[in-house]
Amino acid sequence: MAETKYETHQHEVLVIGAGGAGLRAAIEASAMGLSVGLICKSLLGKAHTVMAEGGVAAALGNVEPKDNWKVHFRDTMKGGRYLNQWRMAQLHAMEAPDRVNELEEWGALFDRTKDGRILQRNFGGHKYPRLAHVGDRTGLEMIRTLQQHGIHTGMHVYMECTITRLLGESPTGTGASRTPGRVTGAFGYWRENGKFVVFEAKAVVLATGGIGRAFKVNSNSWECTGDGQGLAYLLGAEIMDQEFMQFHPTGMVWPPSVRGTLITEGVRGEGGTLRNKDGKRIMFDYIHPLYANETADTEAEADRWLKESTSGITSTARRTPDLLPRDIVARAIHTEVKEGRGSPHGGVFLDIFSRRSADDIKKKLPAMYHQFKELGDVDITKEPMEVGPTAHYTMGGIRVDPETQETCVKGLFAAGECAAGMHGANRLGGNSLSDLLVFGRIAGLHAGKFAKAASAKSVDPAQIDQFASDALEPFNRTEGVNPFAVHEDLMNVMQTYCGIMRNEKDLQTCLKELDRLNEAASRTKIGGGNRHYNTGWHEVIDLRNMLIVSEAMARSALARKESRGGHARDDFAEMDAAFGKINHVCRAGKNGMELEAVPLPDVPDEIKKVLEEDK
């Protein structure tokens, strides 16, 4: 252990982030007999994963025996507009059933079919009922199960700890002469008292979640500020596909205090329909050509499919358009509102009360019933909900190797929402929770293998002192900017100029505004000198990370002159085949952020055959 003036902990594997991916990674590394540290930004069990509602996607085939990993793989690739890293999508589809069954063995209590198997529900973009669920509280059950299993594996949990920087050496050089860096640990502080802490580790897994708090209207909890992406970027790792931001079609729009709060896709999976102010079902007007052959074009066919598929009958009807992928549905709602057919508060109506009995709604969607009753004074068993798009999930993130989840920095791994590649241009609902389980395990496994094979490298005391000095700088300024005001400004900028619909003028304005905000962030001042639970200090660190990811998003969106998945431009409204062959990668350069168009990996012939089987 290196001599430092700070509290120091040493582990073979360090996992930063204690949501589904982080817990699963820590469990896997602990099972290898390694010393594992798990760092929580908040409290254990309070990660954003608990807010996932609809279910976990896995081709178990319990409701529709025709389902298998190949169908799930095809659905995922099609949903991602074929910009996914094919190997990640394949591994995910193949391993998801094992991960769900594993959760059940560890104590997860899923809803059941009549013959006692795990029940699965319909969800957008999935050909068959595929989402294993616990009512509409699946994420909470997943975290409970992983937490209860994980604490008995020997891992050491560090709660309420903010990591400000990763320790180690950045990659050097470019192209073929580029040499990888090496992570040696992490530096941060205890949120309770502000004291610094050093973590030494042979391998580090980042599992810190998304970036939703960069947008004014979002469904994310306060932790989702792009921490892993920012930390990885500052150490020299790469950010990929950051232009693809998913706006979930159904967030609350009223009252204003809860605008953006998530409404599960499970409402539509249970039969809910989207209607405009005139009562017309809107989705029949927005069927994407990619899904035309498999989507019902009349209400009668859509309702027959829903009735048969939810009764365990193999339906010959086509799927309801209300369950098209999220990018299509979100833009449909946006269009209805823009053209004057929206609901009174700027959304559309989601109707479940005329589709299911009150008892069914309360049984299948208890959290939604409670949420609207308590927050909006709306009884969803008697009246429709008002819904609209909300910033929800980033498909982009840290670039990783599909087989190992390792970044270009040796010993640094990433999994879950903070990692890129699995979802391509758009994520299907339910694939996030199975993503956490599949790639959390893979990251933990290979981080463990790396730690077993690697020799320990000492941390650099001078680097630690510099990071401590940087972290304290906002306390030392005699005058400066309020970090909360800068964050509010950032959310408005991203919502206005890099939101659900984009164009060149807005994106160029966005980049100019981000330059202004970066300058303002460099002058933030924290009132008072007390570091105990100093929310202003927390905001300064979060703001730096959000600005990094926001810049990557705007630069990548400007470069992608097409509309694909979660990236839509009204000046380039169609998909462009040329852009379907590249991913955008951002990295730190000598003069700031650099962007490169990187060719997609070649798809093997046997995988091409799988993709073409349903055409």
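Just so we're clear, the structure is a prediction, and the values are computed from it rather than from any experiment.
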Practice item. Please test H156 against V36 for side chain to side chain contact (heavy atoms under 4.5 Å, CB included), starting from the C-alpha separation and ending with a verdict. Key: CA-CA 6 Å; H156 194 110; V36 176; over 6 Å; no
Check your understanding: Quick one: does N101's side chain have a donor or acceptor within less than 3.5 Å of a partner on D98's backbone?
Key -> no
Review point. Stepwise, does the side chain to side chain contact (heavy atoms under 4.5 Å, CB included) test hold for D75 with L428?
Key: CA-CA 8 Å; D75 289 348; L428 298 185; 4.0 Å; yes
Check your understanding: Ignoring hydrogens and geometry, is there a side-chain-to-backbone donor-acceptor pair from R441 to R24 under 3.5 Å?
Key -> no
Revision key, fill the gap. One should read off an interatomic distance between I398 CD1 and D241 CG, to the nearest 0.5 angstrom, of 13.0 Å
Review point. Do T162 side-chain atoms and G188 backbone N/O form a donor-acceptor pair below 3.5 Å?
Key: no
Practice item. Nearest 0.5 Å please: distance from the CG atom of L324 over to the CZ atom of R268. Key: 9.0 Å
Review point. Distance from I541 atom CD1 to I163 atom CD1, nearest 0.5 Å?
Key: 11.0 Å
Check your understanding: So, does T250 use its side chain to make a donor-acceptor pair with the main chain of I263 at under 3.5 Å?
Key -> yes
**Study point:** Stepwise salt bridge (Lys or Arg N to Asp or Glu O under 4.0 Å) test for E270 and R356
**Key:** CA-CA 8 Å; E270 297 297 337; R356 300 294 289 261; 3.1 Å; yes
Study note, to complete from the structure: The reported gap from OG1 in T225 to CD1 in I548 (rounded to nearest 0.5 angstrom) is 11.0 Å
Review point. Is there a side-chain contact between Y82 and V603 (heavy atoms, below 4.5 Å)?
Key: no
Practice item. Test K364 against D111 for salt bridge (Lys or Arg N to Asp or Glu O under 4.0 Å), laying out the working first. Key: CA-CA 9 Å; K364 291 286 189 178; D111 287 5; 5.0 Å; no
Practice item. Please determine, by modelled atom types, if H248 and T390 share a side-chain donor-acceptor pair under 3.5 angstrom. Key: no
Check your understanding: Under 3.5 Å, side chain of N84 to main-chain N/O of M422, donor-acceptor pair present?
Key -> yes
Review point. Do the rings of F123 and H126 sit parallel, tilted or perpendicular, given the 30° and 60° boundaries?
Key: tilted
Check your understanding: Do T394 and Q246 have side-chain heavy atoms sitting under 4.5 Å apart?
Key -> no
Check your understanding: If you look at every heavy atom in A18 and C40, which pair is closest and at what distance?
Key -> CB-SG, 3.5 Å
Revision key, fill the gap. To the nearest 0.5 Å, atom CG of N122 lies from atom OH of Y128 at 12.0 Å
Review point. Any luck finding a side-chain donor-acceptor pair between S35 and H11 under 3.5 Å?
Key: yes
Review point. Which heavy atom of L231 sits nearest a heavy atom of N545, and at what distance?
Key: N-OD1, 4.1 Å
Exercise for review: Would you check if L412 and L166 make a side-chain contact, meaning some heavy-atom pair closer than 4.5 Å?
Suggested key: yes
**Study point:** Polar side-chain atom of R564 near backbone of R81 as donor-acceptor pair, under 3.5 Å
**Key:** yes
Check your understanding: Do the charged groups of K609 and D605 touch, with an N to O distance under 4.0 Å?
Key -> no
Practice item. Would you check, one step at a time, whether the test ring pair (Phe, Tyr, Trp, His ring centres under 6.0 Å) holds for F199 with Y158? Key: CA-CA 11 Å; F199 295 94; Y158 303 92; 4.9 Å; yes
Exercise for review: Determine, step by step, whether D435 and H92 satisfy the side-chain hydrogen bond (donor to acceptor under 3.5 Å, both in side chains) criterion, reporting the C-alpha distance in whole Å, the side-chain angles of both residues, the deciding distance to 0.1 Å, and the verdict.
Suggested key: CA-CA 6 Å; D435 172 4; H92 168 259; over 6 Å; no
Review point. Would you find more than 12 non-hydrogen atoms of other residues, nucleotides or ligands less than 6.0 Å from D602 atom CG?
Key: no
Practice item. Find out whether W86 and L91 are in side-chain contact, i.e. whether some heavy atom of one side chain is under 4.5 Å from a heavy atom of the other. Key: no
Exercise for review: Provide the closest heavy-atom pair for G565 versus D327 in the form atom of the first, atom of the second, distance.
Suggested key: CA-OD2, 3.2 Å
Review point. Charged N to carboxylate O under 4.0 angstrom, K41 versus E160?
Key: no
Review point. Side chains of E223 and S42: is there a donor and an acceptor less than 3.5 Å apart?
Key: yes
**Study point:** Between Q242 and H584, a side-chain donor and acceptor under 3.5 Å
**Key:** no
**Study point:** No-hydrogen, no-angle side-chain donor-acceptor test under 3.5 Å, N431 and T76
**Key:** yes
**Study point:** Stepwise side chain to side chain contact (heavy atoms under 4.5 Å, CB included) check, M368 with V267
**Key:** CA-CA 8 Å; M368 291 298 97; V267 176; 4.0 Å; yes
Practice item. Check the side chains of R130 and Q120 for a donor-acceptor pair under 3.5 angstrom, ignoring hydrogens and angles. Key: no
Exercise for review: Please test L131 against V56 for side chain to side chain contact (heavy atoms under 4.5 Å, CB included), starting from the C-alpha separation and ending with a verdict.
Suggested key: CA-CA 5 Å; L131 269 71; V56 49; over 6 Å; no
Point to revise | Exam field: side chain T153 to backbone G150, donor-acceptor pair closer than 3.5 Å | key: yes
Point to revise | Sidechain-backbone polar pair: N62 side chain, I118 backbone, donor-acceptor under 3.5 Å | key: yes
Exercise for review: Decide yes or no for T407 and D401: does some side-chain heavy atom of the first lie under 4.5 Å from some side-chain heavy atom of the second?
Suggested key: no
Exercise for review: Check whether any side-chain heavy atom of L323 lies under 4.5 Å from a side-chain heavy atom of W305, and answer yes or no.
Suggested key: yes
Review point. Does R326 pair with E265 as a salt bridge, N-O distance under 4.0 Å?
Key: yes
Exercise for review: May I ask you to check whether T295 and R319 show a side-chain donor-acceptor distance below 3.5 Å?
Suggested key: no
Review point. Is there a donor-acceptor pair under 3.5 Å between the side chain of K70 and the backbone N or O of L611?
Key: no
Revision key, fill the gap. Rounded to the nearest 0.5 angstrom, the CD-CD1 distance for Q405 and I442 is 6.0 Å
Point to revise | L60 versus A132, closest heavy-atom pair with distance | key: CD1-CB, 4.5 Å
Point to revise | Any donor-acceptor N/O pair, K202 side chain to A454 backbone, under 3.5 Å | key: yes
Point to revise | Between Q147 and R144: side-chain donor-acceptor atoms closer than 3.5 Å | key: no
Practice item. For the residue pair S221 and M51, establish whether any side-chain heavy-atom pair is separated by less than 4.5 Å. Key: yes
**Study point:** Working for salt bridge (Lys or Arg N to Asp or Glu O under 4.0 Å), residues E294 and K78
**Key:** CA-CA 13 Å; E294 60 192 65; K78 182 187 284 189; 2.9 Å; yes
Exercise for review: Check the pair R99, E95 against salt bridge (Lys or Arg N to Asp or Glu O under 4.0 Å), reporting the backbone distance first and the verdict last.
Suggested key: CA-CA 6 Å; R99 301 286 74 78; E95 294 191 16; 3.7 Å; yes
Point to revise | Least distance between heavy atoms, M155 atom then A26 atom | key: CE-CB, 3.6 Å
Check your understanding: Going by heavy atoms in the side chains, are Q371 and M252 under 4.5 Å from each other?
Key -> yes
Practice item. Determine whether the side chains of N583 and Q85 contain a donor N or O and an acceptor N or O closer than 3.5 Å. Key: yes
Review point. Any cation-pi pair here, R427 with Y393, using under 6.0 Å and within 45°?
Key: yes
Practice item. Can you see which heavy atom on A52 is nearest to which on L433, and at what distance? Key: CB-CD2, 3.7 Å
Check your understanding: H392 and S219: side-chain donor and acceptor closer than 3.5 Å?
Key -> yes
